[in-house]
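Start at 1 with the first residue, then count along the sequence.
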Amino acid sequence: MADTKREIERKYESDESGLPDLTGVAGVEAVIDKGVANLDAVYYDTADERLAAASLTLRRRTGGSDAGWHLKVPVAPGVRDEIREPLSDTVPRTLAGLVRSRVREAELLPVVRLRSDRDVRHLVDAEGKLLAEVSVDAVHAERLTEGGGTAQWTEIEVELADDGDPAFLDKVEKRLRKAGVRPSSSASKLARALAETRPSGKNSGKKKGKASAPAPQDPVTAGDHVLAYVRAQRDAILELDPAVRQDAYDSVHRMRVATRRMRSTFRSYGKVLDRTVTDPVGEELKWLAGELGVDRDREVMTERLTTVLGELPRTLISGPIRTRLRTWANARRGGSRRRLIGVLDCKRYLALLDTLDALVAEPPLLADAAGKPEKVIGKAVRKDFGKVSALVEEAIEAPPGADRDLALHEARKKAKRTRYAAEAATPALGTPARALAKSMKSLTSQLGEHQDSVMVRVTLRELSAVAHAAGESSFTYGVLYGREEQRAAGVEAALPEAWKAIVAEESV
């Protein structure tokens with residue numbers, strides 16, 4: 001598995017091209033000269049620089065203490081995760097996979113070579129502990145694509161030590177500024193190299209199919225507001241793709257939510273975006289959400305069962321139920337993970353990303369898209385809320401049992417859709433939309449608790465049957481089943497009053 005390192009660093013430039021004395025920085029006991037390292041890095045990107053547009057850098061570097069392949073992923077200003085793989089002649093499969101949502105079917109090519117003479121110094125405290133590494137880099141950049149040029153510059157880089165306090169970098173910066181050193185105007189060496197070696201007359205490579213589009217203007221029309229929300233979900237899917245591949249916490253759930261938000265927006269704002277165009281896209285988003293849900297649904301059930309089992313007195317736990325639960329939770333997980341990666345690499349998924357890019361670039365706007373946001377968007381949100389209202393009332397009136405369970409589940413799905421519609425409407429409608437989104441989130445959570453109970457009871461019946469067939473006690477499964485029935489009944493009992501409160505506050 002690739003190694004990941006969190007980098008917190010700042011870059012500076014100076015007309016003097018030298019490093020001022022840093023012994024006066026608070027907390028620094030000594031500045032230790034570590035010598036000069038000769039670094040040689042080749043940066044890879046597509047011909048139209050899709051990785052650079054997404055602030056991603058992929059390089060093969062020799063020299064120094066960390067030679068190898070590096071993929072840098074932005075986390076926050078001045079903070080990046082560097083994912084490392086050993087040296088090889090070609091781009092490692094793991095790193096190629098992590099950038100596939102940006103690259104798609106395009107080829108990764110060497111685009112820039114940076115050779116740096118790095119003069120390194122360590123800032124250490126009184127105990128000799130490393131606080132930060134400071135380097136003066138003399139950089140020679142060469143564009144490797146046709147018609148490219150060269151550039152040279154010197155910069156200062158300050159990288160915080162592992163587990164260091166980011167506030168220390170402020171102290172170093174204060175000393176550097178006092179000496180006339182200023183923050184770099186470029187976010188990275190690669191960004192500067194691309195800008196300064198670009199062939200004369202060429203733009204930044206903004207071509208059709210690139211995964212990142214220019215930032216839009218402030219929303220004015222109803223269409224502007226809806227598209228801003230759609231664009232945010234498209235961006236979320238792209239940004240979460242590497243995290244899903246790395247099995248990062250909650251990444252699958254967040255990507256799944258982004259697909260649902262976009263699909264719901266297409267439905268809620270069918271008077272703004274032409275549904276003859278967006279409905280097929282919505283079906284593909286539904287497919288992707290389903291693939292993402294293979295592991296997620298089991299994770300939710302596992303968390304729920306683990307929690308309720310932990311609440312039971314030991315006297316009510318009979319048989320190897322914990323072992324049975326672990327076995328069930330881990331079943332097929334390895335295979336489903338491989339399957340999910342396969343989905344993210346498949347042509348269908350990559351084609352969906354291309355379709356989303358095209359939809360954002362050339363949206364299928366209808367006449368209402370040019371209308372006033374308050375009128376067009378407000379009407380759509382009210383329509384969604386009306387559908388939720390009818391379903392909740394139906395569920396409240398239904399007798400307890402399967403019919404009510406189904407009605408509550410349908411109400412939950414419509415409440416989610418209304419929440420997302422209200423989120424998209426918030427920049428245009430302000431407080432009323434924000435309040436409705438909050439109410440729908442609360443309702444969705446309440447109804448989600450009920451639906452989880454329904455699904456947990458299904459799982460408990462399955463586990464109980466397996467345990468019984470194996471000659472194990474099914475007593476505890478029955479206890480848990482009864483508790484889940486009580487949880488669901490509690491939600492149903494509280495719903496009428498909760499719904500009255502929501503209706504009383506609704507003002508969109």
Side-chain angles (χ1 to χ4, degrees), residues 206-238 257-289 351-391 410 413-441 506-508:
K206 295 176 181 178
K207 300 181 180 181
K208 183 178 180 181
K210 193 177 72 171
S212 183
Q217 300 296 318
D218 290 338
V220 176
T221 65
D224 291 335
H225 284 279
V226 173
L227 282 174
Y229 193 73
V230 169
R231 186 179 294 108
Q233 308 320 312
R234 187 280 309 266
D235 292 348
I237 291 171
L238 292 176
V257 168
T259 66
R260 286 172 169 170
R261 281 187 165 123
M262 189 183 297
R263 186 164 174 253
S264 291
T265 302
F266 292 157
R267 292 183 170 187
S268 295
Y269 295 104
K271 298 291 186 180
V272 174
L273 296 174
D274 187 350
R275 288 194 58 175
T276 63
V277 176
T278 61
D279 277 358
V281 182
E283 285 303 307
E284 291 302 282
L285 290 168
K286 181 180 180 181
W287 160 77
L288 178 57
L352 172 58
L353 298 184
D354 286 340
T355 299
L356 296 180
D357 286 345
L359 188 145
V360 168
E362 298 180 12
L365 298 174
L366 297 176
D368 279 6
K372 293 183 178 180
E374 296 81 1
K375 180 180 179 180
V376 175
I377 292 178
K379 182 178 179 180
V381 174
R382 287 191 295 273
K383 182 178 179 181
D384 275 353
F385 182 76
K387 293 178 180 179
V388 174
S389 181
L391 286 169
E410 290 300 315
K413 291 192 291 185
K414 288 298 187 294
K416 279 187 177 182
R417 174 171 157 182
T418 305
R419 173 192 169 188
Y420 300 149
E423 287 178 351
T426 296
L429 305 184
T431 300
R434 187 178 298 108
L436 179 59
K438 183 178 179 180
S439 294
M440 290 298 98
K441 181 179 180 181
E506 198 281 312
S507 61
V508 173

field: Candidate pair L285 and F266, rule side-chain contact (heavy atoms from CB on, under 4.5 Å), full reasoning
entry: CA-CA 11 Å; L285 290 168; F266 292 157; 3.9 Å; yes
message: Ignoring hydrogens, what is the shortest heavy-atom contact between V220 and D224? Give both atom names and the distance.
response: N-OD2, 2.9 Å
- prompt: How close do D357 and R234 get, heavy atom to heavy atom, and via which atoms?
  reply: OD1-NH1, 2.7 Å
- line: Between T259 and L288 the two heavy atoms that sit nearest each other are CG2-CD2, 3.8 Å
message: Quick one about Y229 and R261 (side-chain donor to acceptor, distance below 3.5 Å, no hydrogens or angles considered), yes or no?
response: yes
field: Interatomic distance, L436 atom CG to E423 atom CD [nearest 0.5 angstrom]
entry: 10.5 Å
Side-chain heavy atoms of L359 within contact of P364, under 4.5 Å: yes
query: Do the non-hydrogen side-chain atoms of L429 and E374 ever get within less than 4.5 Å of each other?
result: yes
- line: Taking every heavy atom of P373 against every heavy atom of A428, the minimum-distance pair comes out as CB-CB, 3.7 Å
query: If you measure from CE on M262 to CD1 on I237, what distance do you get to the nearest 0.5 Å?
result: 4.5 Å
field: L365/L227 under side-chain contact (heavy atoms from CB on, under 4.5 Å): CA gap, chis, key distance, verdict
entry: CA-CA 10 Å; L365 298 174; L227 282 174; 4.1 Å; yes
- prompt: Taking the side chain as C-beta and beyond, is there a heavy-atom pair between M440 and Y420 under 4.5 Å?
  reply: no
query: Do the side chains of R419 and K438 get nearer than 4.5 Å, heavy atoms only?
result: no
- request: Mind running side-chain contact (heavy atoms from CB on, under 4.5 Å) on V272 and I377 for me, showing each step along the way?
  value: CA-CA 9 Å; V272 174; I377 292 178; 5.7 Å; no
- prompt: Within a strict 4.5 Å, meaning less than it, do heavy atoms of the Y269 and V381 side chains meet?
  reply: yes
task: Please test D384 against K414 for salt bridge (charged side-chain N to carboxylate O under 4.0 Å, His left out), starting from the C-alpha separation and ending with a verdict.
output: CA-CA 7 Å; D384 275 353; K414 288 298 187 294; over 6 Å; no
field: K286 vs R263 side-chain heavy atoms within contact, under 4.5 Å
entry: yes
- prompt: Considering only heavy atoms from C-beta outward, does the side chain of V281 approach that of E284 to under 4.5 Å?
  reply: no
query: Quick one: CD on E506 to CZ on R382, what's the gap to the nearest 0.5 Å?
result: 8.5 Å
- prompt: Does the side-chain contact (heavy atoms from CB on, under 4.5 Å) test come out yes or no for L356 and V230, once each step is laid out?
  reply: CA-CA 9 Å; L356 296 180; V230 169; over 6 Å; no
message: Donor-acceptor pair, distance only, cut-off 3.5 Å: does the side chain of S268 make one with the backbone of A421?
response: no
query: Can you tell me how far the CD atom of Q233 sits from the CG atom of D235, to the nearest 0.5 Å?
result: 9.0 Å
message: According to side chain to side chain donor-acceptor pair (under 3.5 Å), does anything in residues 272-281 pair up with another residue at least two apart or in another chain? List the pairs.
response: D274-T276, R275-D279
